[in-house]
Amino acid sequence: MGIGVLRKYEEFLPLTEATPVLSLGEGDTPLVKSNRLGRELGCDDLYFKLEGCNPTGSFKDRGMVVAIAKALEHNSRAVMCASTGNTSASAAAYGAYCDLPTYVLIPKGEVAMGKLAQAMAYGAQIIMIDGNFDAALALAREFTSKHEVTLVNSVNPHRLEGQKTAAFEIVDDLGDAPDYLFIPVGNAGNITAYWRGFREYQQAGRATQLPRMMGFQAAGAAPIVSGSPVANPQTIASAIRIGNPAGWQGALEARDDSGGVIDMVSDDEILEAYRLLASHEGIFCEPASAAAFAGLVKMRQGGLDLSGQRIVCIATGNGLKDPDLAVSSVVAKTTEIEPTIEAVEAVALAMIR
Ligand code: F0G
């Protein structure tokens with residue numbers, strides 16, 4: 001039985017006697033060793049952390065469980081977030097579990113269908129705004145500063161506390177921190193959280209080294225790379241379509257303190273990585289998640305020597321969240337036939353001959 005991150009990493013989290021211990025089974029996600037792509041890239045020690053295996057299909061659950069537990073501890077009556085989709089799905093699920101009314105502000109027409117379906121099914125109050133994520137976050141911040149509603153975006157410090165547990169799990173699984181961590185960057189909370197997790201585990205004597213933090217934004221939404229906010233961010237990876245990340249400073253610190261990089265990948269590179277992960281590794285992740293592996297491919301092509309290096313790529317969310325994109329962007333091997341054995345044989349045997 002999954003015990004959840006509150007219980008599993010209790011000693012590293014800001015819990016008190018009064019914090020309720022709750023869980024939807026978040027955390028303890030698989031770290032899968034690459035079978036094909038690593039070899040093709042000349043990385044013999046490559047792993048993928050499957051955060052899409054969390055209860056609502058993304059890494060957000062790790063932080064949300066802490067944010068919601070703390071909100072309950074402080075007698076909060078409702079929670080709110082702005083979201084490109086995954087945060088809203090997660091907030092809605094934990095809100096439903098705890099009978100806490102949940103308001104989600106989302107950019108109209110920009111959230112993948114699976115994520116919207118989740119927020120609807122979990123019963124959140126969905127507020128669609130005619131604007132992008134950055135505008136939604138500004139409104140959520142203003143509203144929660146005026147009213148007694150808890151903000152559960154990653155500007156809530158408890159979110160990052162929960163999300164850092166993914167770094168702990170990687171070290172627990174590998175016996176030490178990897179040499180490189182590749183991760184997508186949107187609002188820049190997650191890269192900040194991972195860096196904190198690796199440092200805390202090292203300070204606690206559980207890891208001897210720290211990874212280089214390799215963060216990747218989408219080229220049309222890459223404010224940290226360009227050094228200034230992007231007014232109208234554009235990318236197929238809707239989860240990271242963010243022009244003014246709240247965690248900007250944390251991402252810079254992770255990059256500079258670890259000797260890493262924050263770089264960008266094009267939508268074509270993201271889509272190629274998305275297809276390769278599914279068709280060559282059996283990992284169906286979101287396009288935003290594929291930005292991490294796309295970044296690894298880019299670095300390798302740019303001459304980064306990865307031989308003998310231990311590398312972890314974070315697959316942040318489940319591909320099922322954006323089924324429209326899968327259907328529209330993959331050339332599927334589909335054939336329609338009459339329901340006879342001869343017709344099945346004609347197709348199937350041709351494939352193995
Ligand atoms: N990958 C996925 C699947 C995401 O949903 C997000 C962010 C990121 C990566 C980037 O993480 O923001 O911490 O740098 N999604 C947020 C949301 C913005 O509203 O669901 P980050």
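When a ligand or atom number is given, it counts from 1 through the structure's own listing order. Heavy-atom basis, side chains included; hydrogens, waters and symmetry copies ignored.
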Every pair of nitrogen or oxygen atoms between ligand 1 and the protein that is under 3.5 angstrom apart - can you list them with their distances to 0.1 Å?
unit_1	atom_1	unit_2	atom_2	d
ligand 1	1 (N)	T316	OG1	2.7
ligand 1	5 (O)	N86	ND2	2.8
ligand 1	12 (O)	N187	N	2.7
ligand 1	13 (O)	G189	N	3.1
ligand 1	13 (O)	N190	N	2.8
ligand 1	14 (O)	G186	N	2.8
ligand 1	14 (O)	N187	N	3.2
ligand 1	14 (O)	A188	N	2.7
ligand 1	15 (N)	K60	NZ	3.0
ligand 1	19 (O)	S83	OG	2.7
ligand 1	19 (O)	T84	N	2.8
ligand 1	19 (O)	T84	OG1	3.3
ligand 1	19 (O)	T87	OG1	3.2
ligand 1	20 (O)	S83	OG	3.4
ligand 1	20 (O)	N86	N	3.1
ligand 1	20 (O)	T87	N	2.8
ligand 1	20 (O)	T87	OG1	3.1

- So if you build clusters from Ile, Leu, Val, Met, Phe, Trp, Tyr with side-chain heavy-atom gaps below 4.5 Å, do L296 and L304 land together? yes
- Query: For residues 233-288, which residue pairs qualify under ring pair (Phe, Tyr, Trp, His ring centres under 6.0 Å), counting only residues two or more places apart or in two chains?
  - Reply: none
- Message: Testing the 3.5 Å rule here: is there a donor-acceptor pair between the side chains of S266 and E269?
- Response: yes
- Message: Tell me every residue that passes salt bridge (charged side-chain N to carboxylate O under 4.0 Å, His left out) with E272, counting only those two or more places apart in sequence or in another chain.
- Response: R275
- Query: Taking the inter-plane angle between the rings of F12 and F168 on a 0 to 90° scale, is it parallel (under 30°), tilted (30 to 60°) or perpendicular (over 60°)?
  - Reply: tilted
- Nonpolar side-chain network containing V347, other nodes, edges under 4.5 Å: I337, V344
